[in-house]
Structure formats: structure tokens, C-alpha cells
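Predicted model, so just to flag it, every value in this text is computed and none were measured.
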Amino acid sequence: MAKTAKKVLIQTVLILAAYILHTSIFPNLAFNDISPNVLLLLTVFSSFEQGMNTGMVTGMVCGLLCDVFYGSVLGVYGLFYLLIGFFAGSMARFFYKDEYVFPIVVVAASDLMYNFVMYVTNFLLRGRFDFQYYFRCVILPELVYTLLLAVVCLPFIALLNRRLLRIDMKEKEETDVGNVQRVDEKDT
């Protein structure tokens with residue numbers, strides 16, 4: 001129980017920190033009004049490092065935060081980020097967790113998918129058909145900026161994940177030792 005509460009608390013702090021970075025710090029560091037998608041990075045890295053379910057929940061919460069504070073329809077961003085968590089979690093099954101190139105590729109694919117869906121929902125349905133302009137001026141700069149941030153953040157996220165795994169292993173060992181002692185007490 002304590003292990004789950006600790007994981008939820010850490011994930012909640014990460015989501016809030018990513019949201020604060022996404023909405024207040026990185027917009028001030030924007031390049032041509034384009035800033036990296038920190039919430040997408042957190043969703044992909046959570047899916048990749050902690051599993052599909054954690055990534056989907058993280059994505060849903062990140063998306064709902066976006067919906068509540070600057071979305072026009074509740075649930076749209078939540079669904080997009082949930083699907084990104086699902087995609088990244090399903091891709092993570094096929095590769096080793098110690099690999100650093102694959103998460104960057106998944107971030108790139110996720111950012112492209114996210115921006116394409118955003119183009120369709122925000123521009124194409126409103127009669128703006130200039131995809132080449134949108135790709136060159138919005139999708140590509142955000143992709144590059146997000147990938148640069150991913151390359152910088154990946155070692156820190158891997159370190160955090162290793163520490164979380166150590167906490168899990170210590171608590172599992174303590175639980176196993178406690179269970180063995182209880183079994184021994186029942187035998188006597």
C-alpha cells in the first residue's frame with residue numbers, strides 16, 4: 001500500500017512540475033511562439049519507463065489539465081494524451097529500457113501524431129488547408145524543440161526511474177521478509 005501511495009505521489013508531483021514548466025516557464029523561452037511539449041515528454045517517458053497503464057493515466061491527467069485550463073472542449077486533450085501513453089507503452093514492450101535512442105524516436109513519433117491531430121481538429125476542420133505551412137512553421141519547430149528537451153531530460157528521467165525501482169525492490173524485499181517470518185511463526 002505504501003509503495004503505491006509513494007508512486008502516485010511522485011507521479012503527481014511530476015505531472016504538476018511538468019504542467020508548470022509547460023505553461024509558465026517554457027512559453028517564456030519560446031522560439032517563434034513555439035515551445036516544447038513537456039506534458040507529451042512526461043507521458044511518453046512514463047509509458048516507456050513505468051508501463052503502459054501508468055503512461056495512459058499520466059497522459060489522461062496531463063490532457064485533462066490542458067482541457068481545463070486552455071481547451072475549448074473537455075476531454076479532447078485528455079484523449080490525445082491517453083492515446084499517446086498507449087502508443088508509447090505498446091512500443092516500449094519491444095525494446096530494452098536502458099536504450100536511449102528508442103525513447104527519442106517514440107517522442108518524435110508521438111509529437112508528430114499529436115501535432116497532426118491538432119492540425120486536423122484545429123485547422124483542417126475550420127477550412128485552413130495549408131498543411132505545408134503548418135508543418136513548416138508549427139510541427140517541425142515544435143518537434144525539434146521537444147526532441148532537444150528530450151535528449152537533455154532523458155538521463156535525469158532514467159536516473160529517477162532507477163531510484164524508483166530501487167525503492168520498489170527494497171519494499172518488496174521487506175514485504176517478502178515479513179511474509180517469510182509470518183510463515184515461520186505459523187509453523188511453530
_Full working for side chain to side chain donor-acceptor pair (under 3.5 Å) between Asn37 and Tyr81_ = CA-CA 11 Å; Asn37 196 336; Tyr81 281 101; 3.0 Å; yes
If you compare all heavy atoms of [X] against all heavy atoms of [Y], which two are closest, and at what distance to 0.1 Å?
X      : Y      : value
Phe87  : Ser110 : CD2-OG, 3.6 Å
His22  : Leu39  : CD2-CD1, 3.7 Å
Ala150 : Leu41  : CB-CD2, 3.4 Å
Val106 : Met91  : CG2-CB, 4.2 Å
Leu42  : Ile15  : CD2-CA, 3.6 Å
Leu147 : Ile104 : CD2-O, 3.5 Å

With heavy-atom distances below 4.5 Å as the criterion, would you say the side chains of [X] and [Y] are in contact?
X      : Y      : answer
Phe80  : Met113 : no
Leu148 : Pro36  : no
Leu74  : Val68  : yes
Asn115 : Asp111 : yes
Tyr145 : Leu29  : yes

*Using modelled atom types only, decide if a donor and an acceptor are shared between the side chain of Ser47 and the backbone of Ala88 within a distance under 3.5 Å.*
no
I need the [X] [atom1] to [Y] [atom2] distance, nearest 0.5 Å.
X      : Y      : atom1 : atom2 : result
Thr43  : Leu82  : OG1   : CG    : 9.5 Å
Leu112 : Thr146 : CG    : OG1   : 10.0 Å
Cys62  : Ile84  : SG    : CD1   : 10.0 Å
Asp33  : Cys137 : CG    : SG    : 11.0 Å
Leu83  : Met60  : CG    : CE    : 9.5 Å
Ile10  : Gln50  : CD1   : CD    : 8.5 Å

*Thr12 and Val8: side chain to side chain contact (heavy atoms under 4.5 Å, CB included), yes or no, with the steps?*
CA-CA 6 Å; Thr12 303; Val8 168; 4.0 Å; yes
Would you say [X] and [Y] are hydrophobically clustered, going by side-chain heavy atoms of ILVMFWY under 4.5 Å?
X      : Y      : answer
Leu40  : Ile25  : yes
Phe116 : Phe129 : yes
Val138 : Leu140 : yes
Leu9   : Ile20  : no
Val144 : Phe135 : no

*Return the orientation label for the Phe102 and Phe48 ring planes: parallel under 30°, perpendicular over 60°, tilted otherwise.*
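If you compare the ring of Phe102 with that of Phe48, the planes turn out tilted.
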*Classify the angle between the aromatic ring planes of Tyr114 and Tyr77 as parallel (below 30°), tilted (30 to 60°) or perpendicular (above 60°).*
tilted
_Greater than 12 external heavy atoms within 6.0 Å of Asn28's CG_ =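 More than 12 heavy atoms, drawn from other residues, nucleotides or ligands, come within 6.0 Å of this atom.
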*More than 12 foreign heavy atoms under 6.0 Å from CZ of Phe131: is that the case here?*
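Yes.
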*Identified side chain to side chain contact (heavy atoms under 4.5 Å, CB included) counterpart of Gln11 within the set Leu16, Thr58, Val57*: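 The option that passes is Thr58.
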*Got a sec, which residues hit ring pair (Phe, Tyr, Trp, His ring centres under 6.0 Å) with Tyr134, two or more places apart in sequence or on another chain?*
Tyr119, Phe123
*Residues two or more places apart in sequence or in another chain: which of them pass ring pair (Phe, Tyr, Trp, His ring centres under 6.0 Å) with Phe69?*
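Residues passing ring pair (Phe, Tyr, Trp, His ring centres under 6.0 Å) with Phe69: Tyr19.
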*Hey, mind stepping through Tyr70 and Leu65 against side chain to side chain contact (heavy atoms under 4.5 Å, CB included) and telling me if it holds?*
CA-CA 8 Å; Tyr70 56 85; Leu65 282 171; over 6 Å; no
